[in-house]
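All remarks here apply to the structure that follows.
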Amino acid sequence: MKVVIIGGVAGGASAAARLRRLDESAEIVMLERTGYVSYANCGLPYYVGGVIADRAELTLQTPERFRERFNIDVRVGSEVTAINREAKTVSVREAETGRIYEEPYDKLILAPGAAPVVPAAVSLDSPRVFTLRTVEDALALRAFVTEKTSRRAVVVGGGFIGIEAAENLVEMGVETTLVQRPAQLLKPLDADMAAFVHAEMRAHGVRLVLGGSLEAVDEDACGLVVRLGDGEALPADLVVLAIGVAPEAHLAVEAGLALGQRGGIAADASMRTSDPDIFAVGDAVEVTHGVTGKKALVALAGPANKQGRIAADVICGLNSRYGGSWGSSVIKVFDLTVASTGLNEAAARAQGYDCDAVILSPGSHAGYYPGARPLTMKVVFEKGTLRLLGAQIVGAEGADKRIDVLACAMQLGADGVRLKDLDLAYAPPYSSAKDPVNMAGFMIENVAAGLVKQAGYDEIPALRSAGATLLDVRTGAEWDRGHIDGFVHIPLDELRDRLGELPASAPVYVTCQSGLRSYVACRMLAQHGFDAYNFRGGYGFYRVVAADGEPVRCARPCGAER
């Protein structure tokens, strides 16, 4: 059996290695257009910023090592220009010689990945305009930044690559502006959670132009001018395009393979395309979204690796199946860790889910152990069934751990209340006796059982007009440091003795710093006959969101238990 693999990196290289482990006799040929076959493309921005100092660290496997360990014929600088399904060959062009030849196959695996989106108004011919997809891209960008007088950069696009590129350029001393057409960064986040990312970026000197559309990039003797839709002109020494990616499906299209609803290559759960002898893996393939059951494009390394392994399994006769993608991700944003899985609240509602969410700000570990920092967590669930739909976490250490626990719970079918029962590891330097994930479960249980009703801060104008009582139960010192106009201030520890100051006929909407003391207040008020509602997230959450991402910091969350 001869297997030809088009593309290396995550999906192709994973498939090649798995094939060899399963079949020592197979002939395996891997064709890679670039000069590197297996590299850490997620690490490219960190090479630009010098965090990864040695370019050799980006290379996970070389062609030589593939040959020596796996007996795989790896040909870099070899671009496949056509798939000839009837003859079962691919046309290959060698970059170095220009020679074109035909390579036969019994089974073919497509792992072409996704290409950066480049607007028609922008030319990549300029040596000052960069994308960041390959090792060659990273080498060129780092060389330009270090060798030229590069003091101003414009990054276009506020996804993972755009944010990482902006951070690393700032770390290199480059004045950086990030332009993003939507009004927020990081599409997997809700706008309220993205506000924390905006604050962090601005606090480290990144200028954000949110809601700004790229119209053109002009070049003159002094450098570049980035022109936006509103007429603003941004001078720059270099531009990084990170607008997004599109599946590289042209080979599949030209070969007559079926495409999916979103323009990616259609493949079944075994990663087999509409041709039974051709498989497709990675960013070019449409997959089933684990929450919605609908087709989606998920350009992440983890799914690509798994899909490569599954394709190899099936070729070798194993019954492996891909169960779908939940889009679990994590990104470093200066001193923050930002993580998500599944759907955010806005996406869940757009998909037709009747959903709710809890927002909490627990400490990263036990409050009495030095160094605890807040984690802002938003867990989205379906009303009625309490099915977990997604989660987002912004904070310091421990955010990645918690998102992985939530992703596992969601994928294994646990509902939101089951989170409270998870038996998670505890020691003061790492967690609390009631882990933040457990706390989210307690909150969902309280909402489901009717022990607390929730409200959002976006409801405040309507609540004022309706004559509701808006109550802040923080301490006097906290109130003096900042509060929301129109709120009555009664500290929680005085509330029981001052209930007579609240109109019994009006509903009461309560806030505190993190949403915990206000929950206690709501329980007290409800048992004294008041119609009480707890504002999601607390004043610390409101402060960041209301500031529209300006660089402010929340106070530490209070440490009482629910």
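Heavy-atom basis, side chains included; hydrogens, waters and symmetry copies ignored. Sequential numbering from 1 along the given sequence is applied to the chain's residues.
Counting only distance, with no hydrogens or angles, the side chain of Gln307 and the backbone of Gly282 share a donor-acceptor pair below 3.5 Å. Using modelled atom types, one side-chain atom of Arg387 and one backbone atom of Val291 make a donor-acceptor pair closer than 3.5 Å. Asn438 places a side-chain N or O within donor-acceptor distance of the main-chain N or O of Leu419, the cut-off being under 3.5 Å. Counting only distance, with no hydrogens or angles, the side chain of Gln180 and the backbone of Leu185 share no donor-acceptor pair below 3.5 Å. The backbone N or O of Met524 lies less than 3.5 Å from no partner atom in the side chain of Arg496, so there is not a single donor-acceptor pair. Between the side chain of Asp190 and the backbone N or O of Asp192 there is no donor-acceptor pair closer than 3.5 Å. Listed for the Arg133 side chain is a donor-acceptor partner under 3.5 Å among the backbone atoms of Ala114. Looking only at distances, no side-chain donor or acceptor of Asp356 sits under 3.5 Å from a matching main-chain atom of Glu382. A donor-acceptor contact shorter than 3.5 Å links the side chain of Ser14 to the backbone of Asn305.
Residues Ser340 and Gln392 bring no donor and acceptor atom of their side chains to less than 3.5 Å of each other. Side-chain contact, Ser518 with Asn534: a donor N or O sits under 3.5 Å from an acceptor N or O. Checking Ser361 against Ser514 by side-chain atom types alone, no donor-acceptor pair falls below 3.5 Å. For the residue pair Tyr519/Asn446, the side-chain donor-acceptor check at 3.5 Å is satisfied. For the residue pair Arg402/Ser431, the side-chain donor-acceptor check at 3.5 Å is satisfied.
Considering only heavy atoms from C-beta on, Leu343 comes within 4.5 Å of His289 through its side chain. Side-chain contact between Ile484 and Arg543 is absent, with no heavy-atom pair separated by less than 4.5 Å. No side-chain heavy atom of His365 sits under 4.5 Å from any side-chain heavy atom of Tyr426.
Here the rule is side chain to side chain contact (heavy atoms under 4.5 Å, CB included) with Leu234, and of Leu228, Val156, Val239 only Leu228 fits it.
Between Tyr542 and Tyr457, the ring planes lie tilted relative to each other; the angle falls in the 30° to 60° range. Ring orientation note: the planes of Tyr509 and Phe535 are tilted relative to one another, at an angle of 30° to 60°.
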_Quick one, Val197 with Leu189, criterion side chain to side chain contact (heavy atoms under 4.5 Å, CB included). Give me CA distance, side-chain angles, the key distance, then yes/no._
CA-CA 10 Å; Val197 180; Leu189 301 184; 3.8 Å; yes

*Could you walk me through whether Leu502 and Leu525 pass the side chain to side chain contact (heavy atoms under 4.5 Å, CB included) test, one step at a time?*
CA-CA 10 Å; Leu502 302 176; Leu525 290 165; 3.8 Å; yes

*Starting from the C-alpha separation in whole Å, work towards a yes-or-no answer on side chain to side chain contact (heavy atoms under 4.5 Å, CB included) for Leu297 and Asp283.*
CA-CA 7 Å; Leu297 293 168; Asp283 298 351; over 6 Å; no

*Test Asp268 against Arg321 for side chain to side chain contact (heavy atoms under 4.5 Å, CB included), laying out the working first.*
CA-CA 9 Å; Asp268 61 19; Arg321 292 292 182 268; over 6 Å; no

*Candidate pair Arg536 and Glu345, rule salt bridge (charged side-chain N to carboxylate O under 4.0 Å, His left out), full reasoning*: CA-CA 13 Å; Arg536 298 193 314 184; Glu345 187 176 15; 3.1 Å; yes

_Lys295 and Glu286: CA distance, side-chain angles, deciding distance, salt bridge (charged side-chain N to carboxylate O under 4.0 Å, His left out) verdict_ = CA-CA 6 Å; Lys295 292 300 181 180; Glu286 285 192 10; over 6 Å; no

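Contacts of Glu494 classified as salt bridge (Lys or Arg N to Asp or Glu O under 4.0 Å), with partners at least two apart in sequence or in another chain: Arg498. Looking at residues two or more places apart in sequence or on another chain, you find no salt bridge (Lys or Arg N to Asp or Glu O under 4.0 Å) involving Asp404.
Cation-pi geometry between Lys453 and Tyr533 is met: under 6.0 angstrom from the ring centre, within 45 degrees of the axis. With a 6.0 Å cutoff to the six-membered ring centre and a 45° limit on the axis angle, Arg474 counts as a cation-pi contact of Tyr539.
For Glu445 and Lys420, the salt-bridge test passes: some basic side-chain N is under 4.0 Å from an acidic carboxylate O.
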Would you be so kind as to tabulate the donor-acceptor pairs closer than 3.5 Å made by side chains of residues 157-170, with sequence neighbours excluded?
from: Glu167; atom 1: OE1; to: Phe334; atom 2: N; distance (Å): 3.0
from: Glu167; atom 1: OE2; to: Lys332; atom 2: NZ; distance (Å): 2.2
from: Glu167; atom 1: OE2; to: Phe334; atom 2: N; distance (Å): 3.4
from: Asn168; atom 1: ND2; to: Pro45; atom 2: O; distance (Å): 3.4
from: Asn168; atom 1: ND2; to: Glu164; atom 2: O; distance (Å): 2.8

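Between His483 and Phe487, the ring centre distance reaches or exceeds 6.0 Å.
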